[in-house]
Engineer: 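One structure, pasted below without further comment.
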Amino acid sequence: LCRLLFELVTDARGRMFGLMAIDRNKLAGDYSLIITSLDRQKGPWGWEIQRKSTPLGIRNYDSNFKTEAAARIAGEKAIREFLDRLCREG
């Protein structure tokens with residue numbers, strides 16, 4: 001597994017002046033898995049990955065799960081795979 005990513009470091013004017021290593025755990029702390037349902041009694045259930053610092057610009061989600069547990073399991077797998085892909089790209 002990838003342990004380090006690199007974050008672009010800029011000055012106050014937005015000019016790039018280097019890269020800084022960031023820990024994968026720090027990166028993971030910026031993302032959340034949200035489990036949702038329009039009707040908690042009947043479902044359907046869904047999950048969405050959201051970023052805390054700035055919006056992702058896209059929606060990364062899936063829905064129509066029959067149970068909350070099924071949505072959570074699928075969402076946890078999706079966020080692990082998402083962070084792994086993000087780590088490999090860094």
Engineer: Taking NZ, NE, NH1 and NH2 as the nitrogens, is one of them in Arg72 or Glu68 under 4.0 Å from a carboxylate oxygen of the other?
Structural biologist: yes

Engineer: Take Glu76 and Leu33, measure what side chain to side chain contact (heavy atoms under 4.5 Å, CB included) needs, and give me the verdict at the end.
Structural biologist: CA-CA 7 Å; Glu76 288 171 352; Leu33 177 65; 3.8 Å; yes

Engineer: Yes or no on side chain to side chain contact (heavy atoms under 4.5 Å, CB included) for Trp47 and Asp62, after CA distance, side-chain angles and deciding distance?
Structural biologist: CA-CA 6 Å; Trp47 58 262; Asp62 198 0; 3.4 Å; yes

Engineer: Between Tyr31 and Ile79, does the side chain to side chain contact (heavy atoms under 4.5 Å, CB included) criterion hold? Intermediate values first, please.
Structural biologist: CA-CA 8 Å; Tyr31 292 87; Ile79 199 166; 4.2 Å; yes

Engineer: Report the distance from atom CZ of Arg85 to atom CZ of Arg80, rounding to the nearest 0.5 Å.
Structural biologist: 12.0 Å

Engineer: Search all heavy atoms of Pro44 against all heavy atoms of Ser37 and return the closest pair with its distance.
Structural biologist: O-OG, 3.2 Å

Engineer: Kindly compute the distance separating OG (Ser32) from CD (Glu48), expressed to the nearest 0.5 Å.
Structural biologist: 10.5 Å

Engineer: Supply the atom-to-atom distance Ile49 CD1 to Phe82 CZ, rounded to the nearest 0.5 angstrom.
Structural biologist: 6.0 Å

Engineer: With rounding to the nearest 0.5 Å, note down the distance linking OG1 in Thr36 to OH in Tyr61.
Structural biologist: 10.5 Å

Engineer: Could you state the interatomic distance from CG (Leu83) to CG (Asp30), rounded to the nearest 0.5 Å?
Structural biologist: 10.0 Å

Engineer: Kindly compute the distance separating CH2 (Trp45) from CG (Leu38), expressed to the nearest 0.5 Å.
Structural biologist: 10.0 Å

